[in-house]
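One structure is given here, and the rest of the page talks about it.
Just so it is clear, the values below take in all heavy atoms, side chains as well, and ignore hydrogens, waters and symmetry mates. Residue numbers begin at 1 in each chain, while the letters A, B, ... track the order of the sequences.
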2 protein chains.
Amino acid sequence: MTLACATCPVRDRAACSVLTEAERDALARAGRTRRLSRGEVLFAAGDADAACATLLDGALKVTHHDADGNERILALIHPAGFTGELFAPFAGHDVVALTDSRLCVFARRDMESALRAHPALAEALLRRSQEDLHAARALLALGSNRSAVAKVGALVLALAEGASDSPCHPAAAFDLPLTRGEMANMLGLTIETVSRALTRLERDGALRRTGSRGIELIDPARLGETI
Amino acid sequence: MTLACATCPVRDRAACSVLTEAERDALARAGRTRRLSRGEVLFAAGDADAACATLLDGALKVTHHDADGNERILALIHPAGFTGELFAPFAGHDVVALTDSRLCVFARRDMESALRAHPALAEALLRRSQEDLHAARALLALGSNRSAVAKVGALVLALAEGASDSPCHPAAAFDLPLTRGEMANMLGLTIETVSRALTRLERDGALRRTGSRGIELIDPARLGETI
DNA sequence: CGTGATCTTGAAAATTTTCAAATAGAGTGG
DNA sequence: CCACTCTATTTGAAAATTTTCAAGATCACG
């Protein structure tokens, strides 16, 4: 499927938004959209022909598997986010859909030549990269919360912000893109502890649960408390 | 002090190494070297005239202070690393010297115009930025180790790699740039737990301590074990 | 050689993990 | 469409780890 930038849900926020319409259309001819359903792999670590992509819809996780086969979640990607190795000769991590997702995919060689042709694109990707760095550091900060409840609260808040259309404001209600096991993995806790923490946050009136994935924020400030 | 790229200890690894000699000298005229001693602040969060810098020598920490005044360490910067906000109008984090350090500092406006003049520099910074991202993700991975001993072991190993001249090989002996409190902060543990973990790693023959900061790696593989 | 700060160590308290089982949800085939 | 099955989630109680609180030891430095 060829690209339809005119209807792109993230055309104002993604890296390619810095291009002129003509430049963007030229890049668009090299790319295509792709749909993934939950669990589908976009890139696998070691792929020699790894591409790169902008996420339009849904959510992705970037993971690494250690020698014992344990999965570690290194990053989450939300709409308008960019993923893919631009310089390494092969993919360093797995990138997997957490929910049904739509992406705009480019071969790395095309993206690299676009970078050379359009300095503004390199700058935009640099900017995005700094945002990724901030996001990674935000995840790091989750680990320094003292209690398990505070860690889970902070993660839920971060997920609410990622799920929101407007940056800087958490979505009032959304579905967790992560299983309890994935949340536990990210926080260095066990599934049971995460579950108990959510139960407690609900009991304390910080949020409400609908089913096992639905979350409604009642008192976002309480979620951020470091206790 | 003006720059002397010819004697720069990281001239083969830093972002500016992609420039031709002439380009680099042009950039060098805009920058200067600076020395910091342990504890000195390079940038403070909120600085309007924040600059950016390449680290030549020593070690830096990037920190954030939350509402309660607690410090969170978001990143460590080792020689050849780059720091500074290129796009935000002011510094987002504090950057502080962990040991006596030397840096190569540029005003942001000069660096931004250099980026526009030299696309290769933008690409090199993008590459560096991706490395920063990998580093941040490596720190994230520390949190997913199950036990406190494994977390501390992994952090010591990461610090040994940062202290090494050759990438990918840990230094056999080095001084910890972090206090116990800073290590505890990064790992979400207490000072006492970090201290006990080091004692145990020494008792188990993974490392040897000299004074409170000196570390000699005896069995690096054991430091990486996730137990 | 003090002096203050950092680091180590010990024992009780608190939190988290582990182990075990019940409940709820999602998907499948009749 | 419903019953069935499999997986994910929740909950409980004991075991293990970590934190807290309290001292003592060591180090850097004037």
Side-chain angles (χ1 to χ4, degrees), chain A residues 37-40 61 70-71 73 96-100 142-156 159 175-204 207-215 225-227, chain B residues 37-39 61 70-71 73 98-100 142-156 159 175-204 206-215 225-227:
Chain A
S37 21
R38 174 173 178 83
E40 267 193 280
K61 65 177 174 182
N70 301 311
E71 175 178 285
I73 298 179
V96 181
L98 287 168
T99 65
D100 296 352
L142 295 180
S144 63
N145 288 312
R146 293 246 156 260
S147 75
V149 173
K151 286 181 194 175
V152 172
L155 177 57
V156 169
L159 292 172
D175 282 344
L176 293 170
L178 302 173
T179 65
R180 298 289 182 275
E182 288 164 334
M183 294 175 72
N185 174 320
M186 293 191 68
L187 299 173
L189 300 171
T190 61
I191 291 176
E192 294 93 328
T193 302
V194 171
S195 176
R196 280 186 251 264
L198 283 171
T199 301
R200 177 135 180 214
L201 287 168
E202 183 167 38
R203 181 166 65 63
D204 292 353
L207 53 79
R208 185 157 12 187
R209 286 182 290 180
T210 321
S212 61
R213 294 299 187 82
I215 293 286
E225 282 171 14
T226 311
I227 305 181
Chain B
S37 22
R38 174 173 177 83
K61 65 178 174 182
N70 301 311
E71 175 178 284
I73 297 179
L98 286 168
T99 64
D100 296 354
L142 294 181
S144 64
N145 287 311
R146 294 243 157 262
S147 75
V149 172
K151 287 181 193 173
V152 173
L155 177 57
V156 169
L159 293 172
D175 283 343
L176 292 171
L178 302 173
T179 65
R180 297 291 182 274
E182 286 165 334
M183 295 175 71
N185 175 319
M186 292 191 69
L187 298 172
L189 300 171
T190 60
I191 291 176
E192 295 92 327
T193 302
V194 171
S195 176
R196 281 186 252 263
L198 284 170
T199 302
R200 178 138 177 210
L201 287 169
E202 183 167 39
R203 180 166 66 63
D204 293 352
L207 54 77
R208 186 158 10 187
R209 286 183 290 181
T210 320
S212 60
R213 294 297 187 82
I215 294 285
E225 282 170 14
T226 311
I227 307 177

So, is [X] close to the [N] phosphate, meaning a side-chain N or O under 4.0 Å from OP1 or OP2?
X: Thr193(B); N: dT19(D); result: yes
X: Ser212(A); N: dA24(C); result: no
X: Thr190(A); N: dT18(C); result: no
X: Arg180(A); N: dT10(D); result: yes
X: Arg213(A); N: dT9(D); result: yes

Using whole Å, what does the distance between atom [atom2] of nucleotide [N] and atom [atom1] of [X] come to?
X: Leu178(B); N: dT6(C); atom1: CG; atom2: P; result: 14 Å
X: Leu187(B); N: dT17(D); atom1: CG; atom2: P; result: 18 Å
X: Glu182(B); N: dC7(C); atom1: CD; atom2: C1'; result: 14 Å
X: Ile191(B); N: dG24(D); atom1: CD1; atom2: C1'; result: 16 Å
X: Leu198(A); N: dT11(D); atom1: CG; atom2: C1'; result: 14 Å
X: Asp175(A); N: dG25(C); atom1: CG; atom2: P; result: 13 Å
X: Asn145(B); N: dT18(D); atom1: CG; atom2: C1'; result: 16 Å
X: Arg38(A); N: dA26(C); atom1: CZ; atom2: P; result: 12 Å

Tell me which nucleotide among [options] gets nearest to the side chain of [X].
X: Ala148(B); options: dC7(C), dT16(C), dT18(D); result: dT18(D)
X: Thr179(A); options: dT8(C), dT9(D), dC7(C); result: dT9(D)
X: Glu192(B); options: dC21(D), dT9(D), dT19(D); result: dC21(D)
X: Arg196(A); options: dT19(D), dT10(D), dT18(C); result: dT18(C)

>> Please evaluate residues Val152(B) and Arg200(B) with respect to the criterion side chain to side chain contact (heavy atoms under 4.5 Å, CB included), reporting the C-alpha separation (whole Å), side-chain torsions for both, the decisive distance (0.1 Å), and the verdict.
In response: CA-CA 10 Å; Val152(B) 173; Arg200(B) 178 138 177 210; over 6 Å; no
Quick one: label [X] by what it contacts on the DNA or RNA (base, sugar-phosphate, nothing), any heavy atom closer than 4.0 Å.
X: Arg200(B); result: nothing
X: Leu189(A); result: sugar-phosphate
X: Gly214(B); result: nothing

> Starting at the 5' end of DNA chain C, which residue's closest nucleotide do you reach first, Arg209(B) or Arg146(B)?
Replying inline: Arg209(B)
> Heavy-atom count around Arg209(A) CZ within 6.0 Å, excluding the residue itself: above 12?
Replying inline: yes
> What do you reckon, is CZ of Arg146(A) surrounded by more than 12 foreign heavy atoms closer than 6.0 Å?
Replying inline: no
> Is a side-chain N or O of Glu182(B) found less than 3.5 angstrom from the main chain of Thr179(B), in a donor-acceptor match?
Replying inline: yes
> Taking the side chain from Arg38(B) and the backbone from Leu98(B), do they hold a donor-acceptor pair closer than 3.5 Å?
Replying inline: yes
> When you look at Asn185(A) and Asn70(A), which way does the side chain to side chain contact (heavy atoms under 4.5 Å, CB included) test go after all the steps?
Replying inline: CA-CA 9 Å; Asn185(A) 174 320; Asn70(A) 301 311; over 6 Å; no
